[in-house]
Amino acid sequence: MEKITLIACPLSEIGAKLGNKELYVIFDRNVEGIVRGMGLSARGMLPIDASERTKVPATVVSLAAWLMEEGASREAFVLGVGGGITTDIVGFTASVYKRGVRFGFVPTTLLAQVDAAVGGKNGVNLDSYKNMLGTIRQSEMTFLCPEVLHTLPRKEIVAGAAELLKTFIIDNQGGNYGKAVETLGSKEYDFEKLGGLTEAAARIKAGIAGRDPFEKGERMKLNLGHTFAHAIEKLSAEGISHGNAVSMGIILAARLAEGMGFARKGLARRLTHDFERCTLPVECPYAPGELASAMEKDKKANGSIVHFVLPVDIGKVEICDLGIGNVVETLNHLQEQD
Ligand code: GLY
């Protein structure tokens, strides 16, 4: 069991909670205002440009060189502030600098708070291959500050919405799935409720990733919708965002689960309705055969058998190994029925 520490607090308390550390802060230059409000006393501060283009080994080398120039010792604590790209780059750099120093995160997007900054997987891209170089090493403290959500444009909230809903489809303790649909489906977001749901989702993910950090079993559940989503992202060549691809992927997984008799009848229709209410896309633009060819090239595919996480009901998913041929046949059959 790995310890994953999530700290929910206002931004202004982060400095005091970090205490007297040899602190280096690496932040997305777009969130400089947020960094200024954290009351930090740091030895060094470095703004970076965070994008898929800069999420590459050369950036890791330049950040490590900066830490070295600043005189960062093995006792250093590196704080990454930004969205999931920033926390990935910073987490990876800290994991390899001097064979690994301590690090923490302040995720500043919904997607990063519920997913990217929790769980310990941090990596960078190699050529066109995403997260091909990386480590699994937990951040020592991940700060969940609800007020950062208030400043996000609606588009950014929607970008994290599918991962938030996904978490509650896996674990619906407290009826959080219904509450999340209600909150994300409103014209005006209630940020207090959204902050509470975000923390709940991050804690579910931290629980699962802490019990199974290296994805030998239970952690695979977090891949709900992702087998299809990775295929969609590959086919769209970055045209479809991760959040939107996950949304379409979850709906496809639900249709497949129902078509194969795993899921409660009506589940796919309910999820489709709920996701639409939250302004998430539900129709995948690619045919089942196209998705299958992309999946066969995916690193997680093993011959023509692929791991799928199938929703059985809200709050219950199962991990199944399915033949790609069988999946395509079921989805084609369902399309013909429509
Ligand atoms: N960095 C995301 C994860 O560990 O799942």
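Atoms within each ligand, like the ligands themselves, are counted from 1 in listed order.
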Could you list each N/O atom of ligand 1 together with any protein N/O atom closer than 3.5 Å, one pair per line with the distance?
{"unit_1": "ligand 1", "atom_1": "1 (N)", "unit_2": "A116", "atom_2": "O", "d": "2.7"}
{"unit_1": "ligand 1", "atom_1": "1 (N)", "unit_2": "K121", "atom_2": "O", "d": "2.6"}
{"unit_1": "ligand 1", "atom_1": "4 (O)", "unit_2": "V118", "atom_2": "O", "d": "3.4"}
{"unit_1": "ligand 1", "atom_1": "4 (O)", "unit_2": "G119", "atom_2": "O", "d": "3.4"}
{"unit_1": "ligand 1", "atom_1": "4 (O)", "unit_2": "G120", "atom_2": "N", "d": "3.3"}
{"unit_1": "ligand 1", "atom_1": "4 (O)", "unit_2": "K121", "atom_2": "N", "d": "2.8"}
{"unit_1": "ligand 1", "atom_1": "4 (O)", "unit_2": "R219", "atom_2": "NH2", "d": "2.8"}
{"unit_1": "ligand 1", "atom_1": "5 (O)", "unit_2": "K205", "atom_2": "NZ", "d": "2.6"}
{"unit_1": "ligand 1", "atom_1": "5 (O)", "unit_2": "R219", "atom_2": "NH2", "d": "2.6"}

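Ionic pairing of K3 and E140 is not present here: no N-O contact between side-chain nitrogen and carboxylate oxygen is shorter than 4.0 angstrom.
Every side-chain contact (heavy atoms from CB on, under 4.5 Å) that T330 has, sequence neighbours left out, goes to L256, M260, N326, L334.
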- Could you please spell out the steps behind the side-chain contact (heavy atoms from CB on, under 4.5 Å) verdict for F27 and L46? CA-CA 6 Å; F27 60 97; L46 182 70; 5.7 Å; no
- Between I48 and I26, is a side-chain contact (heavy atoms from CB on, under 4.5 Å) present by the stated rule, with each step listed? CA-CA 7 Å; I48 61 168; I26 301 175; 3.8 Å; yes
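The hydrophobic clustering, which links ILVMFWY residues whose side-chain heavy atoms are closer than 4.5 Å, places L144 and L11 apart.
In this structure, a donor-acceptor pair under 3.5 Å is present between the side chains of T142 and S139.
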